[in-house]
Amino acid sequence: MLVHLKKLVQKAEKGNYAIGAFNSFNLETTLGIARAAVKLKAPVIIQVSETTIVYAGLKPITHIVETIAKNEAVHVPVVLHLDHGKKFSSVAECIEAGFTSIMIDVSDLAFDENVKITKMAVDYAHKRDIWAQGELGKVIRDAKDIKKGEVREETMTNPKEAGKFVKGTGVDTLAVAIGNVHGIEKMINGVPQLDYKRLEEIKLQVGKIPLVLHGASGIGEKEIKKAIDLGVRIINIDTEIRLAFTDALRQSLIKYKSEIDPREIMEEPIQAVEALIEKKIKMFGSEGKG
Ligand code: G3H
Ligand code: 13P
Ligand code: ZN
């Protein structure tokens, strides 16, 4: 079933676990995520980025997630979330289209600008009873995301600013930069250490606001559990889903090299996504919580 985020996160807070926020691109990845959620009776966030919206179209991708949530995941809660909405207009369009949660990410801007635009998006979402996530500090993808003259430390979330940010914007959840990075590079060269001290300080400053860990592909179970203990309630996985899907698709194309029916070729990639999501749900402690 398609639901709003609030109750799911409140339940995760009480039970000290995190909800997986999984990026979907198409029908097949959505099916894989939903089937894992159903199998493990777990709440899930299915998230869509602006570039996926360009790829699939806003209405088609909304309807795919919505209809799978309503028909395939009948008895488990599914949230349809905008991942890294960079523009206020994306936030508004996604809410109008039927998304049940949004993120506004203008973390590239100076603090005051970030507060101003984030607050606008939060107010818009709250009027429509939707929870909104903001980002303070930058979850970078690679070295080019660090501006000239900027030190890596300076791109991370400043705990004192985090307190001011949540007060100034009214965000419901906060994405933090504590050494976590987006993308594939870490899967090749090693996952960076998370700064738990910073995470602890952020949590002290933001009080009951649940924290979101982006760039969580490749992060090990021990590190994930520690982050959950320190207040992380939502964990974003994208790259590992891409890898699971495309690796299985390559193998499937070789294995069934004379097959011309795309449905036959797609079955194993869907299963690969399902297996990965099951592993993550167990790691995040959300199995049986849906
Ligand atoms: O954190 C960002 C997500 O991984 C989305 O990336 O815009 O390439 O879909 P994308
Ligand atoms: P990864 O692609 O590194 O898993 O990051 C996912 C993410 O943060 C999506 O918002
Ligand atoms: Zn992210």
Side-chain angles (χ1 to χ4, degrees), residues 5 18-26 28-30 32-33 44-58 60-62 64-65 79-87 90-91 94 99 101-108 114 118 131-145 155-157 171 173-194 199 210-221 223-224 227 232-247 272-273 276-277 279-281 283-284:
L5 185 60
I19 301 161
F22 302 115
N23 286 72
S24 182
F25 315 97
N26 53 15
E28 287 76 14
T29 42
T30 307
I33 299 165
V44 283
I45 297 166
I46 298 185
Q47 57 187 5
V48 172
S49 68
E50 285 177 342
T51 46
T52 293
I53 291 171
V54 171
Y55 165 72
L58 178 58
I61 196 71
T62 304
I64 286 171
V65 178
V79 172
L80 170 54
H81 174 75
L82 169 65
D83 187 29
H84 294 283
K86 296 279 184 189
K87 300 184 298 267
S90 306
V91 167
C94 286
F99 281 47
S101 168
I102 60 97
M103 174 184 193
I104 177 82
D105 171 11
V106 282
S107 57
D108 246 358
N114 187 353
T118 301
W131 259 24
Q133 179 186 145
E135 178 167 319
L136 181 70
K138 267 190 303 188
V139 181
I140 60 167
R141 191 162 288 273
D142 50 43
K144 73 174 176 343
D145 291 338
T155 63
M156 294 191 199
T157 311
V171 287
T173 62
L174 177 69
V176 292
I178 53 164
N180 45 320
V181 293
H182 283 121
I184 184 75
E185 209 205 90
K186 62 180 177 281
M187 311 290 295
I188 303 160
N189 298 325
V191 178
Q193 281 266 307
L194 298 182
L199 183 59
L211 303 177
V212 184
L213 184 67
H214 282 246
S217 286
I219 300 180
E221 176 146 17
E223 288 71 26
I224 288 288
V232 165
R233 294 289 160 244
I234 296 174
I235 301 180
N236 284 24
I237 302 283
D238 180 353
T239 300
E240 279 192 81
I241 299 175
R242 298 182 193 203
L243 285 171
F245 184 79
T246 52
D247 281 352
V273 171
L276 171 77
I277 304 301
K279 199 175 92 188
K280 296 298 176 186
I281 286 172
M283 192 189 277
F284 302 164

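Just so you know, ligand 1 is whichever comes first in the structure, and atom 1 is the first atom listed for that ligand.
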**Student:** Report, rounded to 10°, the angle at the Zn ion (ligand 3) between the two atoms NE2 (His182) and ND1 (His214).
**Tutor:** 120°
**Student:** Between His84 and ligand 1, is there a nitrogen or oxygen pair with a distance under 3.5 Å?
**Tutor:**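 Right, the criterion is met.
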**Student:** Among protein heavy atoms, which sits nearest to atom 8 (O) of ligand 2, and what does the distance come to when rounded to 0.1 Å?
**Tutor:**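 I find the closest protein heavy atom is Gly215 N, 2.8 Å.
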**Student:** In terms of heavy-atom contacts, does CD of Glu185 have more than 12 from other residues, nucleotides or ligands at under 6.0 Å?
**Tutor:** no
**Student:** Take every heavy atom of Met103, measure it against each atom of ligand 2, and state whether any distance is under 4.0 Å.
**Tutor:** no
**Student:** Quick one: which ligand 1 atoms are inside 4.0 Å of a heavy atom on Ser49?
**Tutor:** 5 (C), 7 (O), 9 (O), 10 (P)
**Student:** For residues His84 and Gln133, is any side-chain donor paired with an opposing acceptor at under 3.5 Å?
**Tutor:**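 No, no side-chain donor-acceptor contact under 3.5 Å.
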**Student:** Consider ligand 1: state whether an atom of it lies below 4.0 angstrom from any non-hydrogen atom of His214.
**Tutor:** no
**Student:** I need the atoms of ligand 1 closer than 4.0 Å to a non-hydrogen atom of His182, numbered in the order shown.
**Tutor:** 1 (O)
**Student:** Under 3.5 Å between any N/O of Asn23 and any N/O of ligand 2: does that happen in this structure?
**Tutor:**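 Min N/O separation from ligand 2 is not below 3.5 Å for Asn23.
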**Student:** Run the contact test for Arg242 against ligand 1 with a 4.0 Å cut-off on heavy atoms, strictly below, and give the result.
**Tutor:**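 Heavy atoms of Arg242 do come under 4.0 Å of ligand 1.
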**Student:** What protein heavy atom sits nearest atom 3 (O) of ligand 2, and how far away is it?
**Tutor:**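 Nearest protein contact, heavy atoms only, for atom 3 (O) of ligand 2 is Lys186 NZ, 2.5 Å.
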**Student:** So between Asp238, Thr51, Val54, whose heavy atom ends up nearest atom 3 (C) of ligand 1?
**Tutor:**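 It is Asp238 that holds the nearest heavy atom.
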**Student:** Of all the non-hydrogen atoms in the protein, which one sits nearest to atom 9 (C) of ligand 2, and at what distance?
**Tutor:**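 Minimum-distance protein heavy atom for atom 9 (C) of ligand 2 reads Asp83 OD2, 3.2 Å.
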**Student:** Measure the distance from atom 2 (O) of ligand 2 to every protein heavy atom, then report the residue, atom name and distance (to 0.1 Å) of the closest one.
**Tutor:**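 Closest protein heavy atom to atom 2 (O) of ligand 2: Thr239 OG1, 2.5 Å.
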**Student:** For the backbone of Ile178 and the side chain of Asn180, can you confirm whether one donor and one acceptor N or O come within less than 3.5 Å of each other?
**Tutor:**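 Such a contact is found between Asn180 side chain and Ile178 backbone.
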**Student:** Report yes or no: does Lys280 contribute a side-chain atom to a donor-acceptor pair with the main-chain N or O of Gly20 at less than 3.5 Å?
**Tutor:** no
**Student:** Quick one: nearest non-hydrogen protein atom to atom 4 (O) of ligand 2, plus distance?
**Tutor:** Ser217 OG, 2.5 Å
**Student:** Which bit of His84 gets closer than 4.0 Å to ligand 2, counting heavy atoms only: side chain, backbone, both or neither?
**Tutor:** side chain
**Student:** Check for me whether Arg141 has a heavy atom closer than 4.0 Å to any atom of ligand 1.
**Tutor:**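 Right, Arg141 reaches ligand 1.
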**Student:** Given Asp105 and Glu135, is the side-chain contact (heavy atoms from CB on, under 4.5 Å) satisfied, shown in steps?
**Tutor:** CA-CA 6 Å; Asp105 171 11; Glu135 178 167 319; 3.7 Å; yes
